[in-house]
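In what follows, a structure is listed as structure tokens, so that the remarks can point back to it.
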Amino acid sequence: MSVRDIPETLDDSALIGHSLSEPETFAALFDRHADEIHRYAARRLGPELAEDVTAEVFLVAFRGRARYDRSWPDARPWLYGIATRVVSQHRRAERRRTHALSRMSVDRPATFDDRSADRVTAEQLQPRLARALTRLSAAERDLLLLVAWADLTYEDAALALGVPVGTVRSRLHRLRAKVRRALGGNDPFAEEPQHG
């Protein structure tokens, strides 16, 4: 089966299974998820490292595809788990980026209309949010960003991090309270869906 012959309805698990006998079909998994993993890596480490991290994530995934749990039809939690481990190897770069964001000041434009008010408020919160993130442990930051930035469900975050879903729920509850206190009561994750 060539990459262009792979039906789009084929789930990630079946695709990975095919790649065991036909390695070139793994490229379809890359095509499906690379942009999303790249965006996550860029948000965590900056655009200068995102391409390298994305390539490393898919290299690790390719090498470990025989160990993939085929009961998971969606490979996103597995890929985000790998991405989180790869990002952890770049912690210094992430800390530098987060510290730099926390020191940024946002200049409010002289005039703006009501539609841009939400965007301006979010931009003004960014340095404070970055400072709050620097105060979290690496494990806390990983969990929070997998749910907030990667938009994983609680179950998917649990799979990505290899912890029970109850642990994800309790940690996120504590983390959201921490971040809310650091932002003076503002909750940047207020619209986060309560999955599971």
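This structure is a prediction, so every number in the text was calculated from the model and none was measured. The figures here come from the full heavy-atom set of this structure, side chains too, leaving out hydrogens, waters and symmetry mates.
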Separation between [atom1] of [X] and [atom2] of [Y], rounded to the nearest 0.5 Å:
| X | Y | atom1 | atom2 | value |
| --- | --- | --- | --- | --- |
| Leu161 | Leu143 | CG | CG | 6.0 Å |
| Asp151 | Leu145 | CG | CG | 12.5 Å |
| Arg141 | Arg135 | CZ | CZ | 12.5 Å |
| Leu175 | Arg180 | CG | CZ | 11.0 Å |
| Gln89 | Arg85 | CD | CZ | 9.5 Å |
| Leu146 | Tyr154 | CG | OH | 13.0 Å |

Taking side-chain contact (heavy atoms from CB on, under 4.5 Å) as the definition, give me every residue that meets it alongside [X], ordered by chain and number, with sequence neighbours left out.
| X | value |
| --- | --- |
| Ala139 | Ser137 |
| Ser170 | Arg174 |
| Asp35 | Arg39 |
| Ala55 | none |

Identify the heavy atoms of [X] and [Y] that sit nearest to each other, and give their distance.
| X | Y | answer |
| --- | --- | --- |
| Ala41 | Thr54 | CB-OG1, 4.5 Å |
| Ala158 | Pro164 | CB-C, 4.0 Å |
| Ile16 | Ala75 | CD1-CB, 4.1 Å |
| Val179 | Leu136 | CG2-CD1, 4.5 Å |
| Ala160 | Pro77 | CB-O, 3.2 Å |
| Val57 | Ala83 | CG2-CA, 3.5 Å |

Ion pair present between Asp142 and Arg44, side-chain N to carboxylate O less than 4.0 angstrom?
-> yes

Please list every donor-acceptor pair under 3.5 Å in which a side-chain atom of residues 61-68 meets a protein atom from a residue at least two apart or in another chain.
| unit_1 | atom_1 | unit_2 | atom_2 | d |
| --- | --- | --- | --- | --- |
| Arg65 | NE | Ser19 | O | 3.2 |
| Arg65 | NE | Ser19 | OG | 3.1 |
| Arg65 | NH1 | Phe62 | O | 2.8 |
| Arg65 | NH2 | Ser19 | O | 3.2 |
| Tyr68 | OH | Trp72 | O | 2.7 |
| Tyr68 | OH | Asp74 | O | 3.4 |

If Ile, Leu, Val, Met, Phe, Trp and Tyr residues are connected whenever their side-chain heavy atoms lie under 4.5 Å apart, and connections chain through other members, are [X] and [Y] in the same group?
| X | Y | result |
| --- | --- | --- |
| Leu59 | Val87 | no |
| Val53 | Trp149 | yes |
| Ile82 | Leu20 | no |

Any ring pair (Phe, Tyr, Trp, His ring centres under 6.0 Å) pairs touching residues 36-57, not counting sequence neighbours?
-> Tyr40-Tyr80

Set of salt bridge (Lys or Arg N to Asp or Glu O under 4.0 Å) partners for Glu36, sequence neighbours left out = Arg76

Partner residues of Glu56 under the salt bridge (Lys or Arg N to Asp or Glu O under 4.0 Å) criterion, sequence neighbours left out | none

Could I get the full list of side chain to side chain donor-acceptor pair (under 3.5 Å) partners for His33, not counting sequence neighbours?
-> Asp12

By side chain to side chain donor-acceptor pair (under 3.5 Å), which residues pair with Ser21, not counting sequence neighbours?
-> none

Do Val163 and Arg171 pass the side chain to side chain contact (heavy atoms under 4.5 Å, CB included) test, and can you show the C-alpha distance, the side-chain angles, and the key distance before you say yes or no?
-> CA-CA 11 Å; Val163 299; Arg171 286 181 185 169; 4.1 Å; yes

Under the side chain to side chain contact (heavy atoms under 4.5 Å, CB included) criterion, do Leu79 and Phe58 qualify, and how do the steps go?
-> CA-CA 8 Å; Leu79 293 170; Phe58 282 93; 4.0 Å; yes

Say whether Asp69 and Ser71, considering side chains only, have a donor N or O and an acceptor N or O under 3.5 Å apart.
-> yes

